[in-house]
*Asks:* 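The structure under discussion is supplied below as structure tokens; questions concerning it will follow.
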Amino acid sequence: DDGGDDIISSGCKLRNVTTGEQKTVFADIQKNGKEIELAITGLDRQTPYELSPFATNSMGESSGATLSFITDNSILLGEGGNLKKIMQDDDNAYPTLAFSGKMQGDDFRYLREINVEHLNLADVNIIEGGDAYLPSRYTNDNVVGYGMFTSMNTKSVVLPLTAVCVEEKAFKNCTSLVSITMPANAESIQPSEGCDALEEIQVPAANKSYCSDNGILYDSNITRIVWM
């Protein structure tokens with residue numbers, strides 16, 4: 001409630017429950033005075049926080065109910081195209097990141113700029129849309145596309161469970177890549193060249209088209225080596 005006067009400032013008061021450290025994060029005031037979007041960065045991973053929204057005007061300050069949450073390494077992407085905005089151009093190195101939601105070309109283009117050792121995309125849905133993630137290469141629904149991870153320094157990747165196709169050269173020249181977990185729904189998988197450190201290719205038991213044994217990718221009947 002604005003108390004009959006214009007809002008001067010608003011945002012959230014944030015407290016790190018573990019250290020007791022507190023800070024105030026201010027938001028840009030929206031013209032309609034009803035909805036405010038706020039990006040909070042610099043949170044520690046796997047840490048409990050308390051967050052209280054507030055708004056002030058000439059009448060004083062009003063606070064909302066306190067929200068308690070614990071951070072993890074997972075990033076919720078929503079409808080896609082939000083990764084760069086969520087990461088706030090953060091160029092830090094991450095040991096592990098997990099994503100959930102929808103990812104399109106803009107997201108994969110920015111993902112290539114992030115230094116992540118272990119990348120978990122199991123809960124991601126790849127969708128068509130956005131700009132090219134590589135020159136002339138665009139995302140298609142449920143397809144791990146040609147060159148999508150080319151030359152990335154990631155050591156392990158868990159691909160989206162819902163992807164039905166892994167195109168050739170998706171991991172071309174990923175010289176640091178040690179482990180890949182294929183999609184549970186993959187019906188077509190093509191190998192990539194230049195993965196000199198690759199030691200294992202895992203396939204979920206639910207996959208009906210492929211299987212793995214001792215880290216080698218076979219067709220479901222183990223009559224043909226697909227990738228080793």
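Keep in mind that this is a model prediction, so the values were computed, not measured. The analysis underlying the following values was restricted to heavy atoms, covering all of them including side chains, and did not include hydrogens, waters or symmetry mates.
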*Asks:* Kindly assign one of parallel, tilted or perpendicular to the pair Phe54 and Phe26, based on the angle between their ring planes and the thresholds 30° and 60°.
*Replies:* perpendicular
*Asks:* Just grab all the salt bridge (charged side-chain N to carboxylate O under 4.0 Å, His left out) pairs involving residues 59-71, residues at least two apart or on different chains.
*Replies:* Lys13-Glu61
*Asks:* For Leu217 and Val203, run side chain to side chain contact (heavy atoms under 4.5 Å, CB included): C-alpha distance rounded to whole Å, both residues' side-chain angles, the deciding distance at 0.1 Å, then the answer.
*Replies:* CA-CA 8 Å; Leu217 181 65; Val203 180; 3.4 Å; yes
*Asks:* Using 0.5 Å steps for rounding, measure from the CG atom of Asp141 to the SG atom of Cys165.
*Replies:*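 Atom-to-atom, Asp141:CG and Cys165:SG are 12.5 Å apart.
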*Asks:* Please check if atom CD in Gln202 has more than 12 non-hydrogen atoms from other residues, nucleotides or ligands closer than 6.0 Å.
*Replies:* yes
*Asks:* Partners of Asn125 by side chain to side chain donor-acceptor pair (under 3.5 Å), sequence neighbours excluded?
*Replies:* Thr162
*Asks:* Apply ring-ring contact (aromatic ring centres under 6.0 Å, His included) to Tyr138 and list each qualifying residue two or more places apart in sequence or on a separate chain.
*Replies:*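 Here no residue qualifies.
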*Asks:* For Met152 and Arg112: C-alpha separation, side-chain torsions, deciding distance, then whether side chain to side chain contact (heavy atoms under 4.5 Å, CB included) applies.
*Replies:* CA-CA 6 Å; Met152 286 182 62; Arg112 297 170 54 77; 4.1 Å; yes
*Asks:* Check Gly105 against Thr139 and note the closest heavy-atom contact, atom names and distance.
*Replies:* N-OG1, 3.3 Å
*Asks:* Who else is in the cluster with Tyr218 when I, L, V, M, F, W and Y are joined by side-chain contacts under 4.5 Å?
*Replies:* Ile216, Ile222, Ile225, Met228
*Asks:* So Leu14 and Glu50, do their side chains get closer than 4.5 Å, heavy atoms only?
*Replies:* no
*Asks:* Given a cutoff of under 4.5 Å between side-chain heavy atoms of I, L, V, M, F, W and Y, with clusters grown through shared members, what are the other residues clustered with Val143?
*Replies:*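 None, because no other hydrophobic side chain comes under 4.5 Å of this residue.
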*Asks:* Return each pair, listed once, that meets side chain to side chain donor-acceptor pair (under 3.5 Å) where at least one residue sits in residues 142-159; pairs must be two or more places apart or across chains.
*Replies:*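 Listed once each, the pairs are His118-Ser156.
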*Asks:* Please identify each residue that fulfils side chain to side chain donor-acceptor pair (under 3.5 Å) with Asn140, with sequence neighbours left out.
*Replies:* none
*Asks:* Got Lys84 and Ile86 here, is their nearest side-chain heavy-atom distance under 4.5 Å?
*Replies:* no
*Asks:* Any salt bridge (charged side-chain N to carboxylate O under 4.0 Å, His left out) pairs touching residues 197-217, not counting sequence neighbours?
*Replies:* none
*Asks:* How close do Ala197 and Thr175 get, counting heavy atoms only, and between which atoms?
*Replies:* CB-O, 3.3 Å
*Asks:* Using 0.5 Å steps for rounding, measure from the CG atom of Asp219 to the SG atom of Cys211.
*Replies:* 7.0 Å
*Asks:* One pair to check against side chain to side chain contact (heavy atoms under 4.5 Å, CB included): Ile126 and Phe108. What are the steps and the verdict?
*Replies:* CA-CA 9 Å; Ile126 301 174; Phe108 281 102; 3.9 Å; yes
*Asks:* Among the clusters formed by ILVMFWY side chains lying less than 4.5 Å apart, do Val178 and Leu97 turn up in the same one?
*Replies:*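 They do not share one cluster, since no chain of ILVMFWY contacts under 4.5 Å joins Val178 to Leu97.
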*Asks:* So, using salt bridge (charged side-chain N to carboxylate O under 4.0 Å, His left out) as the criterion, who are the partners of Lys169 when residues are at least two apart?
*Replies:*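 Not a single residue meets the salt bridge (charged side-chain N to carboxylate O under 4.0 Å, His left out) criterion with Lys169.
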*Asks:* Take Val124 and Leu159 through the side chain to side chain contact (heavy atoms under 4.5 Å, CB included) test and state the conclusion after the steps.
*Replies:* CA-CA 8 Å; Val124 163; Leu159 292 174; over 6 Å; no
*Asks:* Listed by chain and number, what are the side chain to side chain donor-acceptor pair (under 3.5 Å) partners of Ser136, not counting sequence neighbours?
*Replies:* none
*Asks:* Return the set of residues passing side chain to side chain donor-acceptor pair (under 3.5 Å) with Asp106 (not counting sequence neighbours), or none when no residue passes.
*Replies:*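 Once residues adjacent in sequence are excluded, the partners of Asp106 under the side chain to side chain donor-acceptor pair (under 3.5 Å) criterion are Arg109.
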*Asks:* Using side-chain contact (heavy atoms from CB on, under 4.5 Å) as the criterion, point out the one residue from Ile75, Leu77, Asp123 that pairs with Ser100.
*Replies:*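 Per the side-chain contact (heavy atoms from CB on, under 4.5 Å) rule, the option paired with Ser100 is Asp123, out of Ile75, Leu77, Asp123.
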*Asks:* CD of Glu168 to CD of Glu193: how many Å apart, nearest 0.5 Å?
*Replies:* 8.5 Å
*Asks:* Looking only at heavy atoms, which two atoms of Ile8 and Ser58 are closest? And how far apart?
*Replies:* CD1-N, 3.6 Å
*Asks:* Not counting sequence neighbours, list each pair that qualifies as a ring-ring contact (aromatic ring centres under 6.0 Å, His included) and has a residue in residues 154-188.
*Replies:*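 Listed by first then second residue: Phe149-Phe171.
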